[in-house]
Amino acid sequence: MTARAEVVHDLSGAPSEAPGPFFWEPFTVAREMTRDPLGMMERMQRDYGDVVRLRVGPIAYYTLFHPEHIKHVLQDNNRNYVKGPIVGRAKVLIGEGLFSSEGDLWRCQRRLAQPAFHRQRIGAFADTMTACGHDMLDSWHGMAATGASFDLMAETSRVTLRIVGKTLFSLDLSGDAATVGDAFLIALDYLVYRAFNLVAAPVRVPTPRNLRFRRALRVLDDVVMRIIDTRRRTGDDPGDLLSMLLAARDEDTGKGMSDRQLRDEIMTFVLAGHETTAVTLGWTWYLLGRHPEIEERLRDEVQRAIGGRTPGFEDLPALRYVRMVVEEALRLYPPLWAFGRQAVGEDRIDGYRIKAGTPVNLSPWVTHRHPGFWEEPERFDPERFTPERVASRHRFAYLPFSGGPRLCIGNEFALMEATLLVAMMAQRYRIEPVDPARRVTPEVRLTIRPLGGLPVRVRAV
């Protein structure tokens, strides 16, 4: 990292400012972040410690790596921190959904949506998840017979998009409504572009990229609003998440969600429910392919727990090691590698002054490797997630779904989906990398994806 460390001591007796790198102009930081964002975060923690102040000209940012400091921001003093400008850029797609809204609006939305994500309610979606999983695995039969290779990431992206479409609003996004899936992928790529380009042109400017996004957004809005309108008029209740959200009423006011609120939540759930689980499945099988002894233990558990039958919601307690494998994959490759907050008022963290308006960044990628909380942090070890070890570890040392009041509402949905699909994949196939010696490089986008995909071959078990 090309930087000049700078620690400024306030002689008036106030706490000194945190150490960290200094850059004269923003393009240097953008170049560093584009070239190696994960390495940049790791070097900052190694070189400067758990509270790092990064200055770009006159502007200061803080990055926190210690679980106790993260707990302060996400839980203890969470009302002093809002999502900030990066998340604001995503509002062109997701509007004021649960991920991006703030204050009273967020609290109202959370109360309305929470019952739909109760563990027993989401358990009803297990059959939909496994049905989609069977369709994917059936489609692999010919490739298993011929030894043809394919990109595992493309497959996991397709099946998770299908699952989120069917569980959310009973629409198959990989079938007749494939144009909706295509439009969403265009919109997702646009969000990546806006997140990594601080000088991106406003959406209203008719650049080719903006026009392509605007066309995709019209497709998505037309479909979603048409579905909401039809449900309101007909009263149909297919038992999906949209039906639950339509039926939700605020305990205090008796009001439900407006059409616009429903639209924003749907966009948010499709984004979060599709991409994050897809990459988790991909990384899980990448890691299993490099650790055959762990894969065999997982297969043994699957055989004992369910044999050759389709797993269901009631089988999840017996698939404990499968879930531990998924949780360890989420530790090493958290879908959300970093996320930010912005201080509303002045605060102090570890004695350092955080001024009002200061952006504060958190990095699960680095915190999940913090040597103070993870022994041999680069080692793939699902045993880290036994109940005893989880109970003895700092709660905010592990945050693949964020934490505090804004813990992802769909975390149990995602873990159930990943656990069931990994178990089904292990039942029917051995998934082998085309090049076993290849070490996959993480590609940082909105999530952490395997650069170049995951070329694999499968063999029937």
Side-chain angles (χ1 to χ4, degrees), residues 73-74 78-117 164 168-169 180 183-184 186-188 190-195 200 202-204 210 213-214 216-229 231-232 240-276 336 339-344 357 359-360 401-411 413 446:
V73 171
L74 296 184
N78 72 87
R79 294 206 177 197
N80 187 52
Y81 291 91
V82 295
K83 286 293 186 89
I86 296 296
V87 170
R89 295 174 183 216
K91 290 186 179 183
V92 295
L93 175 62
I94 61 177
E96 296 290 346
L98 278 174
F99 180 74
S100 54
S101 58
E102 301 285 358
D104 290 341
L105 173 60
W106 172 80
R107 282 183 280 276
C108 177
Q109 291 292 92
R110 182 82 180 205
R111 283 198 306 270
L112 287 170
Q114 189 69 57
F117 286 88
V164 77
L168 182 56
F169 40 55
V180 178
F184 194 82
I186 291 169
L188 180 61
Y190 185 76
L191 291 192
V192 174
Y193 164 74
R194 284 183 64 84
V203 180
R204 65 180 179 274
N210 283 353
F213 168 73
R214 282 153 53 177
L217 188 60
R218 280 196 298 272
V219 170
L220 295 172
D221 280 339
D222 287 348
V223 170
V224 170
M225 297 308 292
R226 188 166 63 248
I227 292 170
I228 292 171
D229 179 65
R231 291 286 184 88
R232 287 205 190 277
D240 53 24
L241 280 171
L242 177 57
S243 295
M244 297 179 193
L245 295 174
L246 280 164
R249 292 292 181 271
D250 187 281
E251 293 180 358
D252 297 329
T253 67
K255 291 183 178 180
M257 292 189 190
S258 68
D259 285 358
R260 182 67 195 188
Q261 288 172 323
L262 285 165
R263 177 264 179 216
D264 291 350
E265 297 304 349
I266 287 171
M267 293 296 189
T268 299
F269 295 151
V270 173
L271 173 62
H274 157 233
E275 175 73 1
T276 56
L336 202 60
F339 58 95
R341 295 289 188 267
Q342 187 170 30
V344 175
V360 175
F401 301 102
S402 187
R406 300 202 68 147
L407 176 72
C408 175
I409 197 171
N411 65 322
F413 182 102
L446 281 185

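This structure is a prediction, so every number in the text was calculated from the model and none was measured.
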Practice task
Before accepting this row, confirm whether a basic side-chain N of the pair R226/D222 lies closer than 4.0 Å to the acidic partner's carboxylate O.
Solution key: no

Exercise for the section: Find the distance between NE2 (H274) and CG (L188) and round it off to the nearest 0.5 Å. Expected result: 7.5 Å

Exercise for the section: Check whether more than 12 heavy atoms from other residues, nucleotides or ligands sit under 6.0 Å from atom CZ of R79, and answer yes or no. Expected result: no

Handout entry: Partners meeting side-chain contact (heavy atoms from CB on, under 4.5 Å) with L407 (sequence neighbours left out)
Key = F401, N411

Practice task
Nearest 0.5 Å please: distance from the CG atom of D264 over to the CD atom of Q109.
Solution key: 8.0 Å

Practice task
Would you mind reporting whether N78 and R406 have side-chain heavy atoms less than 4.5 Å apart?
Solution key: no

Completion exercise
Sorted by chain and residue number, the side-chain contact (heavy atoms from CB on, under 4.5 Å) partners of P115 (sequence neighbours excluded) come out as none

Exercise for the section: Show your reasoning for whether side-chain contact (heavy atoms from CB on, under 4.5 Å) applies to I266 and L241. Expected result: CA-CA 9 Å; I266 287 171; L241 280 171; over 6 Å; no

Exercise for the section: Working to the nearest 0.5 Å, report the span between CE of M257 and CG of D250. Expected result: 10.0 Å

Handout entry: Short N-O contact, D104 and R107, less than 4.0 angstrom
Key = yes

Exercise for the section: Flag the pair F269 / F117 as yes when their ring centroid distance falls below 6.0 Å, and as no otherwise. Expected result: yes

Completion exercise
Residues passing the side-chain contact (heavy atoms from CB on, under 4.5 Å) test with D221, sequence neighbours excluded, are L217, R263, M267

